[in-house]
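The structure under discussion appears below in the form of structure tokens.
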Amino acid sequence: MWDELKNTYENEREQSPESTNDLLDFYQGKYVTGQISIHYYRKAYYYLHEEGAISVHEYA
């Protein structure tokens, strides 16, 4: 899963993510704009959360 998420980020952003938080923010944006399904977003969210990612929405 990590390679899939990272490769998509790198292909679209033309740079490497600095952290798992960057990946999570990226996939949240893709979900909100309808580019990925809720199923895929949940899969990515739970995976990245287990890897230590924290959403900017969780800081509040």
Side-chain angles (χ1 to χ4, degrees):
M1 180 93 200
W2 174 258
D3 290 335
E4 178 183 341
L5 297 175
K6 187 173 176 268
N7 288 339
T8 300
Y9 181 100
E10 290 174 342
N11 288 335
E12 291 189 27
R13 294 275 174 102
E14 298 182 350
Q15 66 183 28
S16 295
E18 292 183 19
S19 68
T20 54
N21 295 342
D22 286 344
L23 283 173
L24 182 56
D25 291 344
F26 174 74
Y27 284 97
Q28 284 176 337
K30 289 179 80 59
Y31 170 66
V32 168
T33 59
Q35 296 176 43
I36 60 173
S37 69
I38 185 66
H39 175 73
Y40 190 84
Y41 171 68
R42 283 182 178 163
K43 183 177 172 183
Y45 175 86
Y46 289 116
Y47 175 80
L48 291 169
H49 201 263
E50 286 181 8
E51 294 295 313
I54 300 172
S55 170
V56 294
H57 303 290
E58 294 179 50
Y59 291 126

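Quick note: numbers below take in every heavy atom, side chains included, and nothing from hydrogens, waters or symmetry partners.
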### Within 6.0 Å of CD in E18, more than 12 heavy atoms from elsewhere
no
### Query
How many angstroms lie between atom CD1 of I54 and atom OG of S19, to the nearest 0.5 angstrom?
10.0 Å
### Message
Return the CG to OH distance between D25 and Y9, rounded to the nearest 0.5 Å.
### Response
8.5 Å
### Message
Y47: which residues meet the ring-ring contact (aromatic ring centres under 6.0 Å, His included) condition with it, sequence neighbours left out?
### Response
none
### Query
Can you tell me how far the OH atom of Y41 sits from the CG atom of L24, to the nearest 0.5 Å?
5.5 Å
### Query
Are Y45 and I38 close enough that some pair of their side-chain heavy atoms sits under 4.5 Å apart?
no
### Task
Considering non-hydrogen atoms only, spot the tightest contact between Y27 and L5 and give its length.
OH-O, 2.9 Å
### Task
Return the set of residues passing salt bridge (Lys or Arg N to Asp or Glu O under 4.0 Å) with K6 (not counting sequence neighbours), or none when no residue passes.
E10
### Message
Using side chain to side chain contact (heavy atoms under 4.5 Å, CB included), reason through K30 and Y40 one step at a time and then give a plain yes or no.
### Response
CA-CA 10 Å; K30 289 179 80 59; Y40 190 84; over 6 Å; no
### Query
For the atom pair OG1 (T8) and CG (D3), what is the distance rounded to the nearest 0.5 Å?
10.5 Å
### Message
Distance check, rounded to the nearest 0.5 Å: M1 atom CE versus E50 atom CD?
### Response
10.5 Å
## Note on the structure
Closest heavy-atom pair, N21 versus G52, reported as atoms and distance to 0.1 Å, is OD1-O, 4.1 Å
